[in-house]
Amino acid sequence: MNSIRMPAWLSGLGASASRGVAAPIIIIMLLAMMVLPLPAFILDIFFSFNIALSIIVLLTALYTVKPLDFMAFPTILLVSTMLRLSLNVASTRVVLTEGHTGAAAAGKVIEAFGHFLIGGNYTVGIVVFIILTIINFTVVTKGAGRIAEVGARFALDAMPGKQMAIDADLNAGLIAEAEARRRRTEVAQEAEFYGAMDGASKYVRGDAVAGIMVTVINIVGGLLVGLLQHDLPFAEALKTYTLLAIGDGLVAQIPSLIISTAAGIVVSRVASDQDIGTQLVGQLFAKPQVLYITAGIIGGMGLIPGMPNMVFLLLAGVMAGTAYLISKRRAEAADAAPAEAPPPATAPEQEEASWQDIMPVDTLGLEVGYRLIPLVDKTQGGELLKRIKGIRKKFAQEVGFLAPPVHIRDNLELKPAAYRITLKGVEVGAGEAFNGQFLAINPGMASGTLPGVATSDPAFGLPATWIEAGLRDQAQAMGYTVVDAGTVVATHLNHLITSHASELLGRAEVQSLLDHLGKDAPKLVEDLVPKMVSLSTLQKVLQNLLVEGVHIRDMRSIIETLAEHAVHIQDPADLTALVRVALGRAIVQQLFPGAGELSVMTLDNRLERLLMQALGSGGADGAGIEPGLADTIAQQAGLAAQQQEALGLTPVLLVPGPLRALLSRFLRRALPQLKVLSHSEIPETKTIRVTSLVGAQ
């Protein structure tokens, strides 16, 4: 017959689904045991399972190398405690309702444990049960809880130092970012584990108290039920219900004692790469001289008259023989060590430095505090990653070349909600963004104030306030522009990328531009670079355009203009001026989109003549401009630009061609929003309207 095999993905799905419903099934089972009456056979199954579970937990704790390998232990401790209490409730119901029928009323497990512990003497049975409960309550559970409490405190106190050590290893290049992130997670989990163990231990202590109370209630209640309801003789009722109560309590307390011991083992172990058994054997019997001395003392006690001589002497002989075997094995290993020992590995600090130790500087970098990690983590949605991809795509479409990738990393030296943007390893922008909150930006027309943290927009410096999510609609109704934390960082990054576009255009990007253009016009590119213009000259021309905010999407016009004039001119500044004339229509369109009339500022005639004289005497760098005159030009140009912006117009200064580069370079630092155009760059189809004269006073 042909066998039917389940597909691998279907079997994996079934296994995952079965694990997912395990927790609800356990909860339903615990509630059912408390509410529904259970027959004696079912109680035997559950009591046996409880004992088996406690043994599994103890052995798992013994073979655990480090506490975090058993992170589910606090939850298991809680569930096992609730299981025992549920069994106590179920068994109490059976004992009180069916106890008059005999010692087997609550199942064979309770009866067997009752006979085993009592042994025909009820007083001894009760005393032994109380002793077991006291040992569990005052010794094992209390000690484990105290160790967990101290461990949690120490773990929290040591967390900053461990985090700094991880950062130091990361900065030194000893570990990668993935390993650093794993170690940080492990440090946080360690503190949470000890805190959870401290809380879970309280449940076990309460379970021990509840065990004593349940046993007393079963004995007293059973006597009352047996005497008053079933007319049993006092001696028979005392025998039956005491056996059932003690057996029930013992069945619950022995697994509780085992699990409490496992809890103590987990929280009391010291970090090592060995399990408990290996540590005990390897350290307790590590020194033969200790065993020789112990054997001598035990043997001396065995020679004293009246002592159990045979037992002491036998034990002394075993210890002495063990010490001899350990010493012999070590001697043999020492003799064989020189022949078998591998050559010592070169220590990391002894290795020679190499070129691989030099890490390249990222052109664009974004560093975030730990509270902003969800914005850049793929596993947590990372909406900022998608926005950065969109920024690069939009930049390429508008400006004309592809910006380098943004390297993102977390930096614990920053404030939790802080970020910084780097260009070639140097910080060019920084700010704070509170994940989960919104930034309400006042564009100048908002009415009223909002409760929150007052700040300013990191990209443009506008007054803003960080508000809670519930105030978003109210802020929008008041005229604020409301954006989330990811948008704040993305807008700031986009602004800086656009502002530093000239620095992002390296030779590799220029070559990529030529390769891209060469697919459509290969002859045009071949005739220009490197026959007429070098790659560095072309790069400088393009950078000059980008510095003043001119897009280089129209590479065909740029290449054609350079090919036309490069025969006679090689100076990048002169070539840039010619390219700007060729791109005049695009420049004007970029500054005055859809406008037929251009509202501009111009220079007063007297000032224009002075500047032309200064240009002739001082050279193209403008060094001949008198300082007082330069200050006056800057002040008046700033006032005129403010008037233009107040009217909703783009501040543009129109000057003669020879003065354009001089004034643009001079005013760029003080007035970055002011654009300087020459008369030759204005298309003939545009009408010019002069709104103000610079230097008229």
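Predicted model, so just to flag it, every value in this text is computed and none were measured.
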Counting distance only, does the side-chain N/O of Asp362 pair as donor-acceptor with the main-chain N or O of Gly365 below 3.5 Å?
no
Spacing of Leu575 atom CG and Ile558 atom CD1 [to the nearest 0.5 Å]:
12.0 Å
Closest approach of Pro458 to Leu439 (non-hydrogen atoms, all atoms of both residues)
CD-CD2, 4.4 Å
Before you tell me yes or no, could you show the steps for Val488 and Trp466 under side chain to side chain contact (heavy atoms under 4.5 Å, CB included), namely the whole-Å CA-CA distance, both residues' side-chain angles and the distance that decides it to 0.1 Å?
CA-CA 11 Å; Val488 171; Trp466 282 104; 3.9 Å; yes
Please report the interatomic distance OG1(Thr650) to CZ(Phe592), rounded to the nearest 0.5 Å.
5.5 Å
Please check: side-chain N/O of Ser664 versus main-chain N/O of Arg660, any donor-acceptor pairing under 3.5 Å?
no
Neighbour count above 12 (heavy atom, 6.0 Å) for Arg183 CZ:
yes
Any heavy-atom pair between the side chains of Phe401 and Leu542 that's under 4.5 Å?
no
Donor-acceptor contact present, side-chain Arg371 to main-chain Ala417, <3.5 Å:
no
Test Leu423 against Leu496 for side chain to side chain contact (heavy atoms under 4.5 Å, CB included), laying out the working first.
CA-CA 9 Å; Leu423 175 63; Leu496 291 175; over 6 Å; no
Quick one: are Val406 and Ile391 in side-chain contact, heavy atoms under 4.5 Å?
no
Look up atom CG in Leu649 and atom CG in Leu591, then write down how far apart they are to the nearest 0.5 Å.
12.0 Å
Check whether Gln511 reaches the backbone of Ala508 with its side chain - one donor and one acceptor, N or O, closer than 3.5 Å.
no
Between Val483 and Thr491, does the side chain to side chain contact (heavy atoms under 4.5 Å, CB included) criterion hold? Intermediate values first, please.
CA-CA 10 Å; Val483 293; Thr491 303; over 6 Å; no
Going by an N to O cut-off under 4.0 Å, is there a salt bridge joining Asp515 and Lys519?
no
Between Val541 and Thr576, what is the shortest heavy-atom contact and its length?
CA-OG1, 3.7 Å
Can you measure from CG (Leu671) to CG (Leu663) and round to the nearest 0.5 angstrom?
11.5 Å
Could you report the tightest heavy-atom contact between Asp377 and Leu385, atom names first, then the distance?
C-CD1, 4.4 Å
Within-4.5 Å side-chain heavy-atom neighbours: Leu366 and Tyr419:
yes
When you measure from the side chain of Gln644 to the backbone N and O of Val652, does any donor-acceptor pair fall under 3.5 Å?
no
Taking all non-hydrogen atoms of both residues into account, name the closest pair between Gln437 and Ile467 and its distance.
CB-O, 3.2 Å
Side-chain heavy atoms of Leu513 within contact of Leu538, under 4.5 Å
no
Least distance between heavy atoms, Leu504 atom then Ala403 atom
CD1-CB, 4.4 Å
Backbone N/O of Gly444 and side chain of Asn442: donor-acceptor pair under 3.5 Å:
yes
Exam field: side chain Thr561 to backbone Val579, donor-acceptor pair closer than 3.5 Å
no
Test side chain to side chain contact (heavy atoms under 4.5 Å, CB included) on Leu384 and Ile408 and set out the steps.
CA-CA 10 Å; Leu384 187 55; Ile408 303 174; 5.8 Å; no
Between Gln590 and Gly549 (side chain of the first, backbone of the second, donor and acceptor by atom type, cut-off under 3.5 Å), is there such a pair?
yes
Does the side chain of Leu677 reach to within under 4.5 Å of the side chain of Val600, using non-hydrogen atoms?
no
Got a second to check how far Asn494's CG is from Ser499's OG, nearest 0.5 Å?
9.0 Å
What heavy-atom pair brings Thr537 and Pro572 nearest, and what distance separates the two atoms?
CG2-CG, 4.3 Å
What I want to find out is whether Glu383 reaches Lys386 closely enough, with some N-O distance under 4.0 Å, to be called a salt bridge.
no
Check step by step if side-chain hydrogen bond (donor to acceptor under 3.5 Å, both in side chains) holds for Asn544 and Glu548.
CA-CA 7 Å; Asn544 290 341; Glu548 298 191 57; over 6 Å; no
Tell me if a side-chain donor or acceptor on Ser534 pairs with a main-chain N or O of Pro530 at a distance below 3.5 Å.
no
Heavy atoms, side chains only, cut-off 4.5 Å: are Glu398 and Thr498 in contact?
no
Could you tell me the separation between the CD1 atom of Ile421 and the NE2 atom of His500, rounded to the nearest 0.5 Å?
10.0 Å
Is a side-chain N or O of Gln543 found less than 3.5 angstrom from the main chain of Ser502, in a donor-acceptor match?
yes
Min side-chain heavy-atom separation Leu402-Ser512 under 4.5 Å
no
Does atom NZ of Lys675 have more than 12 heavy-atom neighbours, drawn from other residues, nucleotides or ligands, at distances under 6.0 Å?
yes
For His407, does the NE2 atom have more than 12 heavy-atom neighbours from other residues, nucleotides or ligands under 6.0 Å away?
yes
Only one of Arg420, Glu427, Glu413 forms a side chain to side chain contact (heavy atoms under 4.5 Å, CB included) with Glu367, so which one is it?
Arg420
State, yes or no, whether a side-chain contact exists between Leu375 and Val368 at a heavy-atom distance under 4.5 Å.
no
